[in-house]
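On a predicted model such as this, the values are computed, not experimentally measured, just so you know. Labels below follow one simple rule: chain letters A, B, ... track the order of the sequence lines, proteins then strands, and each chain is numbered from 1.
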Amino acid sequence: MAKQLTTREQNYSEWYQDLVIKADMAENSAVRGCMVIKPYGFAIWEKMQSALDQMFKDTGHVNAYFPLFIPKSFFSKEAAHIEGFAKECAVVTHYRLKNTPDGKGIEVDPEAKLEEELIVRPTSETIIWNTYRNWIQSYRDLPILCNQWANVVRWEMRTRLFLRTAEFLWQEGHTAHATEKEAREETMKMLDVYGTFAEEFMAMPVLKGVKTANERFAGAIDTFCIEALMQDGKALQAGTSHFLGQNFAKAFDVKFTTKEGVQEHVWATSWGVSTRLIGALIMAHSDDNGLILPPKLAPIQVVIVPIYKNEEQLAQISEVAGKITSELKSKGISVKYDDRDTHKPGWKFSEYELKGVPVRIAIGPRDIENGTVEVARRDTMEKTTYQLMDLSLKIEHLLDKIQQNIYTKALEFRDETTHVADSFDEFKKLLDTKGGFIRAHWDGTTDTELKIKELTKATIRCIPLNEKPEAGKCILTGNPSIQRVVFARAY
RNA sequence: CGGGGUGUAGCGUAGUCCGGUCAUCGCGCCUGCUUUGGGAGCAGGAGGUCGCAAGUUCGAAUCUUGCCACCCCGACCA
């Protein structure tokens with residue numbers, strides 16, 4: 001037993017940490033707060049990227065790339081924005097190194113000080129809006145629907161692999177529109193894209209809602225989000241879509257001439273998801289044996305393991321495995337035939353369970369005799385013997401079933417872990433005993449929100465969309481409330 | 001950034017209080033043979049600036065100082 005995980009029961013955050021490292025997804029690097037995303041973890045990100053990228057293209061967006069560095073002065077142009085990010089910016093002050101006087105080391109050359117310091121982007125609104133000013137003159141230039149895949153840096157004090165690191169990978173969409181209505185529609189459209197992606201690809205149910213003023217993106221009018229629930233009952237913000245109003249257009253003086261010949265500021269949105277989604281994926285589904293990946297995002301969907309005593313048997317098995325492999329590949333299913341002789345079957349079984357490969361096919365001498373294979377599914381750990389006839393079709397259906405089952409399981413968990421509280425005592429008790437989402441009334445003030453956070457560590461994750469208004473009384477102050485909001489302790 | 005903890009071979013560790021054949025054990029790795037339907041067995045072998053840097057000392061994994069990294073808790077955040 002080489003790679004035992006800490007169990008979730010023992011210590012949830014150690015379990016997570018163990019899993020990320022032992023499943024070979026990522027590791028800490030020599031640079032504080034920064035991670036190395038290893039090939040297996042990056043393969044998951046690539047799958048996410050390609051699905052999302054297609055969804056962005058399907059909704060009319062194009063990719064572009066903006067600089068890593070942002071002149072310091074750009075940052076100060078939007079007051080709320082700078083206030084939100086100032087405390088976590090990496091700053092470039094010099095552009096050259098030189099040998100130390102003793103010739104043994106190297107130091108920053110004080111002669112090479114930048115006239116204007118550069119900020120390593122924590123997000124790109126400012127550089128993008130400064131650029132858009134030159135792209136936009138007329139209503140004919142609108143809308144602009146750009147996305148970029150990039151890295152950003154936020155100087156975090158406390159980091160956790162994938163969930164929070166000083167540098168992370170993400171995509172950020174930045175759009176410019178002629179009207180408020182259009183920008184608002186764009187904001188919601190992209191929130192829906194994220195919701196669909198989370199549910200259909202990640203098999204992770206999400207709650208869509210609006211952030212409170214306190215939780216809003218620095219510089220936004222409204223921040224919408226998808227919130228997911230992890231197995232330990234903590235919430236995780238999985239994606240955000242912001243309606244920026246004319247804040248950045250005004251800050252960067254981006255105007256256009258309308259059909260009527262009037263100069264107006266343009267309307268903006270921005271939206272993003274990051275490698276944090278990988279952390280969400282892990283915590284939403286996996287178990288004490290390792291990762292459980294939804295087939296749609298699994299780098300390897302099916303692994304075939306031969307079981308043999310001699311070369312002759314291996315040759316027979318490999319022939320069958322080869323046929324299965326090509327049939328599955330022709331259906332677009334990714335397959336790995338692991339015929340390494342350096343590890344025993346049992347070892348391989350554990351290894352692929354740890355890595356969350358959805359379906360394992362084992363083929364041994366008995367199967368060759370009987371014209372069967374043993375199929376094991378990762379989500380339920382069930383093993384079934386299948387006839388070779390129509391195997392690829394059956395596997396294709398099984399993958400769909402697994403995708404569905406993982407989602408259903410996560411949805412049931414979320415439903416069971418969502419509670420209603422009508423008093424503050426009840427609220428506190430639920431938080432401490434069950435965790436999860438708690439639907440409660442709130443009087444709408446930031447003061448109350450902060451007070452609740454101070455008392456319980458719970459934050460308002462969102463004000464859910466599409467909910468029927470329901471009059472009630474704030475759990476803390478007793479003041480009137482028009483609808484329930486969703487509280488949770490969060491990542 | 002505040003409080004606490006940890007750092008010894010690729011990984012996990014013993015030894016640190018009480019300085020002196022103490023660099024220990026397990027996994028992994030390499031070679032060979034036997035094995036192969038749930039993390040194989042036996043035999044042999046390789047591998048360590050004891051996180052880094054100064055200092056104290058005849059002598060430092062062990063004591064002192066500084067630094068670095070990671071983990072946990074808090075504040076902040078995707």
Check your understanding: Would you call D288(A)-R8(A) a salt bridge at under 4.0 Å N-O?
Key -> yes

Assign each of N28(A) and Q237(A) the nucleotide of RNA chain B bearing its closest heavy atom; nearer the 5' end lies the nucleotide of N28(A)

Could you list, one pair per line, each protein nitrogen or oxygen that sits under 3.5 Å from a nitrogen or oxygen of nucleotides 74-77 of chain B, together with the distance?
{"from": "A75(B)", "atom 1": "OP1", "to": "K457(A)", "atom 2": "NZ", "distance (Å)": "3.2"}
{"from": "C77(B)", "atom 1": "O2'", "to": "E156(A)", "atom 2": "OE2", "distance (Å)": "3.3"}
{"from": "C77(B)", "atom 1": "O2", "to": "R164(A)", "atom 2": "NE", "distance (Å)": "2.0"}
{"from": "C77(B)", "atom 1": "O2", "to": "R164(A)", "atom 2": "NH1", "distance (Å)": "3.3"}
{"from": "C77(B)", "atom 1": "O2", "to": "R164(A)", "atom 2": "NH2", "distance (Å)": "2.1"}
{"from": "C77(B)", "atom 1": "N3", "to": "R164(A)", "atom 2": "NH1", "distance (Å)": "3.3"}
{"from": "C77(B)", "atom 1": "N3", "to": "R164(A)", "atom 2": "NH2", "distance (Å)": "2.5"}

CG of L465(A) to CE of M188(A), rounded to nearest 0.5 Å, is 4.5 Å

By nearest-heavy-atom nucleotide on RNA chain B, the more 5' of R461(A) and G33(A) is G33(A)

Flag, side chain of S334(A) to backbone of Q301(A), donor-acceptor distance under 3.5 Å: yes

Side-chain donor or acceptor of T240(A) paired with backbone N/O of F224(A) under 3.5 Å
no

- Gap in Å between the two C1' atoms, one belonging to G3(B) and one to U8(B), rounded: 27 Å

Should the pair K457(A)-D432(A) be classified as a salt bridge under the 4.0 Å nitrogen-to-oxygen rule?
no

**Message:** Given 3.5 Å as the limit, does a donor-acceptor pair link the side chain of E215(A) with the main chain of K211(A), or not?
**Reply:** no

- Message: I'd like the C1' distance from C17(B) over to U31(B), given in whole Å.
- Response: 44 Å

- [ ] Go through T418(A) and R439(A) one step at a time and tell me if the side chain to side chain contact (heavy atoms under 4.5 Å, CB included) criterion holds.
- [x] CA-CA 7 Å; T418(A) 299; R439(A) 298 161 46 76; 3.7 Å; yes

Intra- and inter-strand pairing of RNA chain B, written as dot-bracket with Watson-Crick and G-U pairs under 3.5 Å and | for the latter, reads ((((((((.[[[..)....(....]]].((((((.....)))))).....[[[[[..)....]]]]])))))))....

Under 4.0 angstrom between S13(A) side-chain N/O and C72(B) OP1 or OP2:
yes

Checklist entry - Does a distance-only test, which skips hydrogens and angles, find a donor-acceptor pair under 3.5 Å between the side chain of E353(A) and the base of G39(B)? => result no

Are there more than 12 heavy atoms of other residues, nucleotides or ligands under 6.0 Å from atom NZ of K47(A)? yes

**Prompt:** Any N or O donor-acceptor pair linking the side chain of K383(A) to the base of G38(B) at under 3.5 Å?
**Reply:** yes

Applying side-chain hydrogen bond (donor to acceptor under 3.5 Å, both in side chains) to E327(A) and not counting sequence neighbours gives S392(A)

Quiz prompt | Pairwise C1' distance, C58(B) and G5(B) [rounded to whole Å] | solution = 36 Å

